[in-house]
Protein chains: 2
Amino acid sequence: MTNHALLDSCPLYQGLSPQDKDYALTYFDARVKTYEKGAFLHQVSFPLPRFGLVLSGTVQVYMDDIDGHHIIMNHVETGDLFGESYAFLGIEAPIYICAVTEVEILWMSPARIKIPLSPVSALDQELSNRFVACLAHRTLAMNQRVQILSRNTLRMKLITFLSQYAAEKGDRFTIPFDRASMAAYLGADRSALSRELSRMQAEGILAFHRNHFQILK
Amino acid sequence: MTNHALLDSCPLYQGLSPQDKDYALTYFDARVKTYEKGAFLHQVSFPLPRFGLVLSGTVQVYMDDIDGHHIIMNHVETGDLFGESYAFLGIEAPIYICAVTEVEILWMSPARIKIPLSPVSALDQELSNRFVACLAHRTLAMNQRVQILSRNTLRMKLITFLSQYAAEKGDRFTIPFDRASMAAYLGADRSALSRELSRMQAEGILAFHRNHFQILK
DNA sequence: AAAAGTCCGTTGCTTTTGCAACGGACTTTT
DNA sequence: AAAAGTCCGTTGCAAAAGCAACGGACTTTT
């Protein structure tokens with residue numbers, strides 16, 4: 001049986017009573033599976049019949065470009081979903097999903113959202129709405145990503161990226177990326193990123209150590 | 001009364017019978033409104049209670065960065081939707097929506113999706129599913145955008161951008177952007193874009209005139 | 001404890017890019 | 001038809017960024 005406390009980290013289950021959580025797990029036909037660090041949860045060009053919730057650990061969704069660069073599509077931490085769009089549409093997913101750490105995944109099916117059992121209960125409707133809200137939030141998150149990537153200098157990308165964190169977490173925060181992933185996330189070269197970060201630190205704009213940052217401005 | 005033929009360009013209404021289209025218009029509480037070229041359909045920080053379908057013309061959804069650059073979030077042609085996420089979530093939309101040409105917009109409400117009238121008919125369910133599918137497709141479209149923007153040279157951004165068009169439309173196609181919008185879409189400078197396009201033409205990779213392109217390579 | 005591996009800052013070099021400005025082709029306005 | 005406006009290619013220049021390589025700090029493996 002799934003640990004109900006873990007589920008509260010996800011907007012899909014947040015605040016539901018234990019009975020409702022159990023019902024929801026049935027509604028989504030949920031199954032838990034664990035993967036060790038570095039394992040692939042999915043490979044390019046397979047269909048993705050279920051979407052995932054990360055119960056513990058971190059996964060990364062990425063594609064590869066011609067030159068072998070990783071393009072990070074989604075960095076998924078504990079409590080986040082991935083693959084909802086592909087699962088709902090039932091289409092092939094041209095992506096890799098890889099376990100950054102050992103992870104525990106709750107795989108869920110969107111079948112009941114598309115084809116409800118009648119009559120539709122209030123809880124059925126609530127769960128469906130929550131799923132759609134997650135989809136909508138995903139587009140907003142991607143909007144933020146586009147805002148970063150659209151900037152035409154690395155300095156401005158960094159300022160936008162860090163401002164988004166600062167807006168959410170305050171002036172001190174830890175990011176979930178190492179330098180290589182951060183560079184991929186910003187669409188930049190790792191050494192150029194290190195260089196620019198060092199410059200900004202020298203200018204007194206920010207301070208950092210590894211993946212911990214402090215905005216000074 | 002709305003022209004039913006126009007509605008067929010949108011996945012929300014495509015293939016429905018005339019009666020079902022009428023029902024759908026009621027379901028979404030649809031209202032038509034026209035705007036002249038250059039008019040704002042929405043300004044930053046207002047709530048966006050309805051999402052829009054472009055019946056004719058083109059609109060652009062964008063934000064402005066600190067330096068006054070436009071960041072294009074969405075370029076919306078006839079038959080496309082915009083604002084579904086904000087409308088569904090009922091939150092403030094930090095965006096500008098501007099009519100690029102004279103436009104006719106069908107404004108719709110997602111209220112019945114969130115709070116259905118019971119009993120839910122098969123058509124109600126179909127319309128809800130179509131709306132969710134549109135949301136899912138939006139995230140896929142944004143994935144493509146992220147693929148372009150993540151490339152770390154303008155040349156690679158261009159190749160990715162043009163390849164996406166070529167994959168859909170073949171080796172000759174017309175893009176809906178002028179150079180300034182194209183540059184904003186790619187997160188680059190307009191003159192740098194012109195220069196790179198000229199280089200690629202000189203190298204025999206492609207041919208173009210204004211917004212008409214042909215892939216040669 | 002040595003060895004291997006990982007992560008990250010640094011640097012030299014070359015290429016790419018942004019920026020500003022100009023001018024030509026074309027369209028719209030008056 | 002002149003004038004004003006728009007769109008786009010071009011260019012010179014300075015700044016930014018990619019690339020490759022190295023080395024130090026730290027962690028994990030053996």
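Labels below follow one simple rule: chain letters A, B, ... track the order of the sequence lines, proteins then strands, and each chain is numbered from 1.
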- prompt: Just by distance, with hydrogens left out, do A:H212 and A:R172 show a side-chain donor and acceptor under 3.5 Å apart?
  reply: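 There is such a pair between these side chains.
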- prompt: If we ignore angles and hydrogens, is there a donor and acceptor under 3.5 Å between the side chains of A:R138 and B:T139?
  reply: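 Per modelled atom types, A:R138 and B:T139 side chains form no pair under 3.5 Å.
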task: State which residues pass side-chain contact (heavy atoms from CB on, under 4.5 Å) with A:P11; sequence neighbours excluded, sorted by chain then number.
output: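 Result, side-chain contact (heavy atoms from CB on, under 4.5 Å) vs A:P11: A:C134.
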Euclidean distance, atom [atom1] of residue [X] to atom [atom2] of [N] [Å, nearest integer]:
X	N	atom1	atom2	result
A:L154	D:dA15	CG	C1'	13 Å
A:D178	C:dG9	CG	P	11 Å
B:R151	C:dT17	CZ	C1'	18 Å
B:L193	C:dC19	CG	C1'	15 Å
B:I175	D:dC7	CD1	P	14 Å
A:M156	D:dA17	CE	P	11 Å
B:R195	D:dC13	CZ	P	13 Å
B:R155	D:dG18	CZ	P	16 Å

Across all strands, who's sitting opposite [N] as a Watson-Crick or G-U wobble pair, both distances under 3.5 Å?
N	answer
C:dG24	D:dC7
D:dT29	C:dA2
C:dT17	D:dA14

task: Evaluate the side-chain proximity of B:V59 to B:I105: yes if any heavy-atom separation is below 4.5 Å, no if none is.
output: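 B:I105 vs B:V59: side chains touch.
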- request: Hey, can you tell me if B:F28 and B:F131 have their rings parallel, tilted or perpendicular (30° and 60° cut-offs)?
  value: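 Taking B:F131 first and then B:F28, their aromatic rings sit tilted (interplane angle of 30° to 60°).
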- request: Hey, can you tell me if A:Y62 and A:Y96 have their rings parallel, tilted or perpendicular (30° and 60° cut-offs)?
  value: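 Plane angle under 30°, so parallel.
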task: Assess whether one donor atom and one acceptor atom, taken from the side chain of A:S191 and the base of D:dA21, lie less than 3.5 Å apart.
output: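 There is none.
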query: Between B:R179 and D:dG9, does any side-chain N or O lie under 4.0 Å from OP1 or OP2?
result: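 For D:dG9, OP1 or OP2 has a side-chain N or O of B:R179 closer than 4.0 Å.
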message: Nearest to the A:T153 side chain among C:dT11, C:dT16, D:dA16, which nucleotide is it?
response: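 From the listed options, D:dA16 comes nearest.
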- request: Find which nucleotide of DNA chain D each of A:A188 and B:A180 is nearest to by heavy atoms, and output the residue with the more 5' nucleotide.
  value: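 Final value for this comparison: B:A180.
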field: Interface residues of residues 196-214 of chain B with DNA chain C (non-hydrogen, below 4.0 angstrom)
entry: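 Contacts with DNA chain C under 4.0 Å: B:E196, B:R199.
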- prompt: Looking across every strand, which nucleic acid part, if any, lies under 4.0 Å from A:D189 by heavy atom: base, sugar-phosphate, or nothing?
  reply: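 Since a base atom lies under 4.0 Å of A:D189, the category is base.
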message: Regarding B:S194, tell me which of base, sugar-phosphate or nothing describes its non-hydrogen contacts under 4.0 Å with the strands shown.
response: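 Base: the residue B:S194, judged by heavy atoms under 4.0 Å, touches a nucleobase.
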query: Taking the nucleotide of DNA chain C with the closest heavy atom to each, which residue, A:N152 or A:R190, is nearer the 5' end?
result: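 On the 5' side of the pair lies A:R190.
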query: A:F177 and ring pair (Phe, Tyr, Trp, His ring centres under 6.0 Å): which partner among A:Y165, A:F213, A:Y185?
result: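 Between A:F177 and the candidates, ring pair (Phe, Tyr, Trp, His ring centres under 6.0 Å) is satisfied uniquely by A:Y185.
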Test side chain to side chain donor-acceptor pair (under 3.5 Å) applied to A:D64 and A:H69, step by step: CA-CA 6 Å; A:D64 283 334; A:H69 292 133; over 6 Å; no
